[in-house]
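Contents: one structure, followed by commentary.
Only this structure's heavy atoms are used, side chains among them; waters, hydrogens and symmetry mates stay out. Just so it is clear: chains get the letters A, B, ... in the order the sequence lines come, proteins before strands, and each one is counted from 1.
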Amino acid sequence: MKSVPEILKDIRPEFDFTTSYDFIMDGMLDSFDMMTLVSALDKNFGISIQGTDILPENFKNLQTIEALLRQSGAKL
Amino acid sequence: MTPVRSAGEVLEAIQKVKAGATAFCTNFFPVQSKLENWVAHQELSFESSDDVIFFLRKDRDFAHLYFCASNPAAFGDQLRRFSSIPTQKLAIDLVGAEASVGALLKLTEEAGFARYSRLVRLARAAAPASPPKPPTAVEVATEGDASAILALIEQLFDRFADQLPLSYEIAAAVAARQIFVVKENGRIAALLFFETQGLTSTIRYWLVAPHFHSCGFGSALIRHYFSSQTTVRRFLLWVAATNDNAIQKYQHYGYAPDGLVDYVLVNGSAKN
């Protein structure tokens, strides 16, 4: 199983996601990347992130993504 | 259709559709600032059912159609109903990886829309670019250039496929210093219009006016652009898949397809 930073690196290898607190404002993830990320997280963690949770604030940084994963039933 | 009065109203309507979603699908990816502008300029209206919401955004003599649906089948059903009232020219964009847009493309065509254009997204990782060679002078566009910039974009780009800006967007881009121009005898000979958000920058329009081809202005502009965006790590743009000439130029500067495509379809009223 991959970690969240590893999954993000697969999607956007040119960025260092450990140094940003706001991936959206920093231009590291756009709306299309978010949809790709949701699919990758679902597959990697064996969960299904709810449509209502696909909001920019849940994909702002590593902490918010990990909180979303826990809320969605992932074991981190 | 109901006029949208606030960005919050849009988000609330989308949330209602998402709440019962089994296979949520959408072509509506506006950033907050764009959404607020559309609302402020009264460009946006919507119509919703339990599982699908349609947004129309007025643009010149037609409207862009956006949707959020709880699943593709519901989208297809509602789109057929929606498009059976052909009073308006409509254009719809279906964006995603090639394999993922196939089902929505089929449903959209079954609802009476026809393929109009296919765009591909190109990406470029940051890399040093040599600065423009003198004597080409690249300038930041000013307020006085706005109407000429809009006229050139409207002349050389496609209104259905290329998301042409309105005058207030040109004014905002000029104020943000996000349009570079090359002038000859006071006239705009070439321009590059871009949007930078954090580490990502997107070229929206790069053009050389017809009488100024082969003067090196386009090359000067793009080199100036790369050298001015020192903090950007990812450069993006959309280009028509059939525009081999432009794609070759972009590849020359290090761009390559990143896998995203945008199918643009129009309804019968727009085709006529």
Subject >> chain A contact via B:Leu199 - which portion, at a heavy-atom distance below 4.5 Å >> reply: both
Original post:
In terms of heavy-atom contacts, does CZ of B:Phe29 have more than 12 from other residues, nucleotides or ligands at under 6.0 Å?
Top reply: yes
Original post:
Just wondering, more than 12 heavy atoms not from A:Lys9 lying within 6.0 Å of its NZ?
Top reply: yes
Subject >> Closest approach of B:Thr200 to A:Met28 (non-hydrogen atoms, all atoms of both residues) >> reply: OG1-N, 4.4 Å
**OP:** Counting only heavy atoms closer than 4.5 Å, note whether A:Met34 contacts chain B via side chain, backbone, both or neither.
**Re:** neither
**OP:** Counting only heavy atoms closer than 4.5 Å, note whether B:Leu236 contacts chain A via side chain, backbone, both or neither.
**Re:** side chain
Original post:
CG/B:Asp258 to CZ/A:Arg12 distance, rounded to the nearest 0.5 angstrom?
Top reply: 6.0 Å
**OP:** Hey, could you give me the CG/OG1 distance between A:Asp26 and B:Thr231, rounded to the nearest 0.5 Å?
**Re:** 10.0 Å
**OP:** Output yes when A:Asp16 and B:Arg233 qualify as a salt bridge under the 4.0 Å nitrogen-oxygen rule, no when they do not.
**Re:** no
Original post:
To the nearest 0.5 Å, how far apart are CZ in B:Phe24 and CE in A:Met35?
Top reply: 6.5 Å
Original post:
Can you say whether B:Val95 sits under 4.5 Å from chain A via the side chain, the backbone, both, or neither, judging by heavy atoms?
Top reply: side chain
Original post:
By a 4.5 Å heavy-atom criterion (distance strictly below it), what part of A:Asp33 contacts chain B: side chain, backbone, both, or neither?
Top reply: side chain
**OP:** Assess whether atom CD of B:Glu12 is packed by more than 12 heavy atoms of other residues, nucleotides or ligands within 6.0 Å.
**Re:** no
**OP:** Count the heavy atoms belonging to other residues, nucleotides or ligands that lie under 6.0 Å from CG of B:Asp50, then report whether that count exceeds 12.
**Re:** no
Original post:
Is there a donor-acceptor pair under 3.5 Å between the side chain of B:Gln197 and the backbone N or O of A:Met25?
Top reply: yes
